[in-house]
Amino acid sequence: MNPSSRKKMWTAAVVSAVLMTGAGACGGDGGGEAAGGDKVRITFAYWGSDARQKLTDQVIQKFEEKNPTIDVEGDFSNWDSYYEKIATKVAANDAPDVMSIEIRGLSEYAGRGALADLSGKVPAADLDQQVLTSGQIEGKQYAIPTGVNAFSMIANPSVLEKAKQKLPDDTAWTWDQWIGLAKDISGAGGVTGAEYNPNPAWLQIFAAQRGEKMYDGTKMGVSAETLKAWWSIHQRLIETKGSPDAAKSAEIGATGPEQSLLGTNAGAMGMWWSNQLNALSKSSGQELTLLRMPKAEGASTSGMFLQPAMFYTASAKTEHPAEAAKLIDFLVNDPDAAGILLSDRGLPTNAKVLAAVKDKLPPVDQKTLIFVDQVKSELSPVVAPPKGALQMEDILKRNTEELLFGKATPDQAAEKFLSEANAAIAG
């Protein structure tokens, strides 16, 4: 999505809504009953890859088998267009009955009255209660977690071995050591040592290691000094050839895991969400491993956090709230659904469901489960960020690239980032 579009998204959506309404757009699920009149039809919106679409089609089919009076229409989009599409539909009173939302969008949509309160509507007693609270805004349960993951370092042990390097002790390694390891791997020839991911989760982790919050209410909690220290990691990686140059990094950063250096066997290490280990492993054909993130010197915390991969939400204006809730219930509480989706949307937070499918998980998902279990006690709980957080990745990526391309000094980039970021979340 265009970097400047998120701030204007709702305004643009309203304009689109007027046009759509004039063309005869209807509210709710856009159709209600099927042609035969015997079934209720609801729409389920989500984003992802072709692989996720296939899995979702399978899980919808299973739900319909168990609920023959409900038809579910999958509304699939790629990531770049998803929120623009949802914003337009919400503004036109034509929102999908069930919508996937990431945590950065939760306050935005709940705050605009677009989401239904699911308290008591979806059985949640068996869900991880700490994770469940991340779907609450002002005490109301607007969202149900699909599953959990952690932003982590992922490495290819065979590449490190060929470069005559060992996997680090991830309980104690530092950013300086990561930079040095990446440099040595690149220096051995053949592959690049590391690639960095523009996801704000990395900055959030780094800030926490320095005792700072990413967000402090409706203003940024990260300082200019922390931003400059974080950017220096990017700069040193490039200077030591531990990562590609700024132009190549920007190009790679615009792709998904399958096109990354790690996914194409052109790199040794990269930062990804733990549930992306599966896609990276399939793409590379290699046995990859999850590692804790490096720490800042003297850090007393890893800064890592357990986060819902995404949430299931229901439209506040759905004409079929019971059926929407039933679909969400199935997706998070039914072992048959979990047996299809596995870790695609994060590891299940329902302990009974996880126990039921644990032995069915493929080796890569087993590895993810073991890693999350190992680090869970070290992870901080996460709360939904303020409105405007959906813009943060665009703002951060743009200002990072201006710095790395030499268009701004660290001081200028930090001042500009904080100004734009604070404006985005001011409310």
Side-chain angles (χ1 to χ4, degrees), residues 1 5-34 39-48 52-53 56 60 63 70-119 121-122 135-138 140-146 308 310-332 345 384 387-391:
M1 184 176 294
S5 65
R6 293 201 192 276
K7 186 68 176 177
K8 301 175 182 176
M9 184 182 298
W10 281 88
T11 302
V14 170
V15 174
S16 297
V18 173
L19 296 175
M20 290 172 65
T21 303
C26 58
D29 64 7
E33 295 182 347
K39 293 185 178 183
V40 167
R41 184 173 73 245
I42 60 175
T43 305
F44 171 32
Y46 65 98
W47 72 83
R52 174 171 291 167
Q53 185 177 23
T56 306
I60 286 174
F63 173 78
I70 304 174
D71 275 341
V72 179
E73 178 184 346
D75 186 1
F76 169 76
S77 304
N78 62 30
W79 167 248
D80 287 341
S81 63
Y82 182 74
Y83 279 109
E84 190 168 8
K85 181 178 180 180
I86 291 296
T88 301
K89 285 180 173 288
V90 168
N93 292 321
D94 191 32
D97 301 275
V98 176
M99 297 176 281
S100 300
I101 297 287
E102 62 165 332
I103 196 167
R104 289 180 293 176
L106 183 55
S107 293
E108 183 82 28
Y109 282 83
R112 294 181 184 274
L115 305 180
D117 181 4
L118 296 173
S119 303
K121 307 292 177 57
V122 176
Q136 296 176 3
I137 303 292
E138 297 181 353
K140 294 185 177 181
Q141 192 74 50
Y142 288 108
I144 305 296
T146 65
M310 62 187 78
F311 292 104
Y312 296 126
T313 66
S315 168
K317 297 187 178 181
T318 176
E319 296 176 1
H320 304 291
E323 288 80 5
K326 183 171 283 191
L327 174 60
I328 296 173
D329 176 22
F330 172 76
L331 292 170
V332 298
R345 289 167 167 89
K387 292 179 183 178
L390 272 173
Q391 302 176 57

S.K.: For A325, is there any backbone N or O sitting under 3.5 Å from a side-chain donor or acceptor partner on E323?
M.R.: no
S.K.: Give, for atom CZ of F63 and atom OG1 of T56, the distance between the pair rounded to the nearest 0.5 Å.
M.R.: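 Reported value, rounded in 0.5 Å steps: 14.0 Å.
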S.K.: Can you confirm whether D75 sits close enough to K85 that some side-chain heavy atom of one is under 4.5 Å from a side-chain heavy atom of the other?
M.R.: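 A side-chain contact exists here, since the closest heavy-atom pair is under 4.5 Å.
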S.K.: Find the distance between NZ (K387) and CZ (R112) and round it off to the nearest 0.5 Å.
M.R.: 6.0 Å
S.K.: Can you name the nearest heavy-atom pair linking A114 to V90, along with the distance?
M.R.: CB-CG1, 3.8 Å
S.K.: Would you call the rings of F44 and Y312 parallel, tilted or perpendicular if under 30° counts as parallel and over 60° as perpendicular?
M.R.: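 Answer is perpendicular, since the angle exceeds 60°.
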S.K.: Indicate yes or no: at least one non-hydrogen side-chain atom of M99 is less than 4.5 angstrom from one of L115.
M.R.: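 A side-chain contact under 4.5 Å exists here.
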S.K.: Of all the heavy-atom pairs spanning A384 and I103, show the shortest one and how long it is.
M.R.: CA-CG1, 3.8 Å
S.K.: Would you say D117's side chain and Y142's backbone share a donor-acceptor pair under 3.5 angstrom?
M.R.: no
S.K.: Do E102 and W79 have side chains that approach each other closer than 4.5 Å (heavy atoms only, starting at C-beta)?
M.R.: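 Yes; the side chains approach each other to less than 4.5 Å.
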S.K.: Would a distance-only check, ignoring hydrogens and angles, find a side-chain to backbone donor-acceptor pair under 3.5 Å from S119 to K140?
M.R.: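 No; zero donor-acceptor contacts below 3.5 Å.
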S.K.: Kindly indicate whether the side chain of F76, heavy atoms from C-beta on, has any atom under 4.5 Å from the side chain of W47.
M.R.: no
S.K.: Return yes if some donor-acceptor pair links the side-chain N/O of T43 with the main-chain N/O of D97 below 3.5 Å, else return no.
M.R.: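 A pair under 3.5 Å: no.
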S.K.: I need the L327 CG to I70 CD1 distance, nearest 0.5 Å.
M.R.: 8.0 Å
S.K.: A side-chain contact here means heavy atoms from C-beta on lying under 4.5 Å apart; do V332 and P145 qualify?
M.R.: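 No, their side chains stay 4.5 Å or more apart.
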S.K.: Grab the two heavy atoms, one from G135 and one from F311, that are nearest each other, plus how far apart they are.
M.R.: CA-CE2, 3.6 Å
S.K.: Please walk me through it: do Y83 and E108 pass side chain to side chain contact (heavy atoms under 4.5 Å, CB included)?
M.R.: CA-CA 11 Å; Y83 279 109; E108 183 82 28; over 6 Å; no
S.K.: How close do S100 and Y82 get, heavy atom to heavy atom, and via which atoms?
M.R.: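 It is O-OH, 2.7 Å.
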S.K.: What is the distance from atom CG of L118 to atom OG1 of T313, rounded to the nearest 0.5 Å?
M.R.: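 So the CG of L118 and the OG1 of T313 are separated by 7.5 Å.
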S.K.: Does the S315 side chain pair with the main chain of A95, one donor and one acceptor, at a distance under 3.5 Å?
M.R.: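 No: the side chain of S315 does not pair with the backbone of A95.
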S.K.: Roughly how far apart are I60 CD1 and D71 CG, rounded to 0.5 Å?
M.R.: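 The CD1 atom of I60 sits 10.5 Å away from the CG atom of D71.
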S.K.: A side-chain contact here means heavy atoms from C-beta on lying under 4.5 Å apart; do Y109 and L390 qualify?
M.R.: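 Touching, per the 4.5 Å side-chain cut-off.
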S.K.: Do the side chains of R345 and Y46 get nearer than 4.5 Å, heavy atoms only?
M.R.: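 Result yes, sub-4.5 Å side-chain heavy-atom pair found.
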